[in-house]
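Following: one structure in structure tokens, then a few remarks.
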Amino acid sequence: MTSAPIAVALDAPDLETAARWAALVTPHVSTVKVGLELYLRYGPDVIASVRGATGIQVFLDLKLHDIPNTVAGAARAVARLKPAILTVHAAGGRAMIQAAVESAPNTCIAAVTALTSLSEADLERIGVRGPAGDAVRRLAVEAVGAGAQALVCSPREVAAVRAEVGPGIMLITPGVRPAGSDTQDQARVATPERAIADGADLLVIGRPITGSADPGAAAAGIAAAIRRVVSS
């Protein structure tokens with residue numbers, strides 16, 4: 001059985017919990033995601049711990065955003081850990097994204113468009129005018145032009161971004177919540193089935209899996225639902 005296109009967000013309080021969650025979900029999903037908090041707390045050791053013996057893909061979600069030279073150095077530093085995916089902020093501009101791509105040639109550089117925690121009103125307050133979808137499309141086009149191989153966008157924008165950038169770019173969607181789940185701090189959300197149907201390639205799912213009594217069973221259930229959509 002092939003693994004479902006899910007990146008489980010291992011937002012754990014400690015390394016042991018993250019490794020345990022990774023082991024439980026690995027039979028069912030393609031990827032595990034290490035975020036900023038876990039990486040800053042434990043450093044490079046966290047990558048080996050969650051990768052384990054299976055060699056599951058690791059998505060290193062650091063959302064780098066700095067001047068191009070600094071981002072180049074940071075991307076080069078983490079490239080030796082062989083993450084499958086590394087995030088940068090699309091708002092950092094073409095030169096910054098290009099610097100990351102050139103400094104980590106064996107890693108898929110994913111540009112984050114607009115954070116899924118931001119509502120339309122939030123975006124307007126920080127100076128992003130017009131509908132969120134328009135801003136996301138603009139950032140997506142700029143990032144792809146700079147060499148980004150993947151984009152991170154909310155499931156609400158994934159269909160429009162797919163239409164804009166074509167089939168060759170990986171689309172990663174956080175803000176995915178199974179039907180009936182609490183949206184928590186996400187503002188622009190959709191179900192896994194909807195996100196896949198709209199053109200997403202990889203779904204980021206955290207608390208609906210890791211917050212359950214049995215993360216392995218939760219991952220298996222969501223994976224089965226996604227496989228039904230993909231095969232239909």
Side-chain angles (χ1 to χ4, degrees), residues 5-7 9 30-31 33 35-36 59-68 71 75 84-104 107-177 183-206 226 229-230:
I6 297 171
S30 66
T31 310
K33 184 174 83 74
L36 193 59
F59 173 2
L60 189 53
D61 188 19
L62 300 185
K63 297 185 179 72
L64 301 177
H65 192 172
D66 213 311
I67 63 171
V71 167
I85 302 166
L86 173 67
T87 50
V88 302
H89 267 293
R94 284 200 174 209
M96 189 206 78
I97 296 166
Q98 187 174 355
V101 170
E102 292 173 353
S103 300
T107 297
C108 174
I109 298 299
V112 177
T113 54
L115 296 173
T116 51
S117 59
L118 296 174
S119 67
E120 297 271 359
D122 294 328
L123 289 167
E124 186 169 347
R125 276 194 292 270
I126 61 172
V128 179
R129 304 297 180 210
D134 290 350
V136 167
R137 285 201 305 274
R138 290 194 302 269
L139 288 164
V141 169
E142 280 295 297
V144 169
Q149 302 102 323
L151 296 164
V152 181
C153 60
S154 95
R156 299 278 184 88
E157 291 98 39
V158 71
V161 172
R162 175 62 73 206
E164 193 78 47
V165 302
I169 300 297
M170 178 191 294
L171 298 188
I172 302 169
T173 54
V176 173
R177 291 288 184 271
T183 60
Q184 291 150 326
D185 57 358
Q186 303 290 339
R188 303 190 323 278
V189 301
T191 65
E193 296 89 338
R194 180 76 265 164
I196 288 289
D198 283 347
D201 297 301
L202 183 65
L203 311 182
V204 178
I205 305 175
I226 290 171
V229 172
V230 172

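Heavy atoms only: backbone and side chains are in, while hydrogens, waters and symmetry mates are out.
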Problem - Salt-bridge present (Arg138, Asp134; N to O < 4.0 Å) - result: no

Problem - Ion pair Glu142/Arg94, N-O distance below 4.0 Å - result: yes

Hey, does [Y] have a side-chain heavy atom less than 4.5 Å from the side chain of [X]?
{"X": "Thr173", "Y": "Val152", "answer": "no"}
{"X": "Thr87", "Y": "Leu64", "answer": "no"}
{"X": "Ile226", "Y": "Glu193", "answer": "no"}
{"X": "Ile97", "Y": "Pro68", "answer": "no"}
{"X": "Asp201", "Y": "Pro5", "answer": "no"}

Considering all heavy atoms, the nearest [X]-[Y] contact:
{"X": "Thr113", "Y": "Ala140", "value": "CG2-N, 4.1 Å"}
{"X": "Ala9", "Y": "Val204", "value": "CB-CG1, 4.3 Å"}
{"X": "Glu157", "Y": "Ala132", "value": "OE2-CB, 4.1 Å"}
{"X": "Ala104", "Y": "Ile109", "value": "CB-CD1, 4.3 Å"}
{"X": "Asp198", "Y": "Pro155", "value": "OD2-O, 4.2 Å"}

Exercise for the section: Carefully, step by step, assess Val88 and Met96 under the rule side chain to side chain contact (heavy atoms under 4.5 Å, CB included). Expected result: CA-CA 9 Å; Val88 302; Met96 189 206 78; 3.8 Å; yes

Quick check for you: to the nearest 0.5 Å, what is the distance between [X] atom [atom1] and [Y] atom [atom2]?
{"X": "Leu115", "Y": "Cys153", "atom1": "CG", "atom2": "SG", "value": "12.0 Å"}
{"X": "Leu118", "Y": "Arg125", "atom1": "CG", "atom2": "CZ", "value": "9.5 Å"}
{"X": "Lys63", "Y": "Leu36", "atom1": "NZ", "atom2": "CG", "value": "8.0 Å"}
{"X": "Cys108", "Y": "Leu86", "atom1": "SG", "atom2": "CG", "value": "9.5 Å"}
{"X": "Leu203", "Y": "Arg194", "atom1": "CG", "atom2": "CZ", "value": "12.5 Å"}

Completion exercise
Taken in chain and number order and not counting sequence neighbours, the residues that satisfy side chain to side chain contact (heavy atoms under 4.5 Å, CB included) with Thr31 are Ala7, Gln57, Phe59, Leu202

Practice task
Mind checking side chain to side chain contact (heavy atoms under 4.5 Å, CB included) for Ala163 and listing every partner two or more places apart, or none if nothing turns up?
Solution key: none

Exercise for the section: Evaluate the side chain to side chain contact (heavy atoms under 4.5 Å, CB included) criterion for residues Ile85 and Met170: first the C-alpha distance (whole Å), next the side-chain angles of each, then the deciding distance (0.1 Å), finally the verdict. Expected result: CA-CA 10 Å; Ile85 302 166; Met170 178 191 294; 4.1 Å; yes

Practice task
Run the numbers on Leu151 and Ile172 for side chain to side chain contact (heavy atoms under 4.5 Å, CB included), then give the verdict.
Solution key: CA-CA 6 Å; Leu151 296 164; Ile172 302 169; over 6 Å; no

Handout entry: Under 3.5 Å donor-acceptor, Arg137 side chain and Val141 backbone
Key = no

Practice task
Could you go through the side chain to side chain contact (heavy atoms under 4.5 Å, CB included) check for Ile169 and Gln149 one step at a time?
Solution key: CA-CA 6 Å; Ile169 300 297; Gln149 302 102 323; 5.6 Å; no

Practice task
Could you pull out all residues at least two apart from Arg129 that satisfy salt bridge (charged side-chain N to carboxylate O under 4.0 Å, His left out)?
Solution key: none

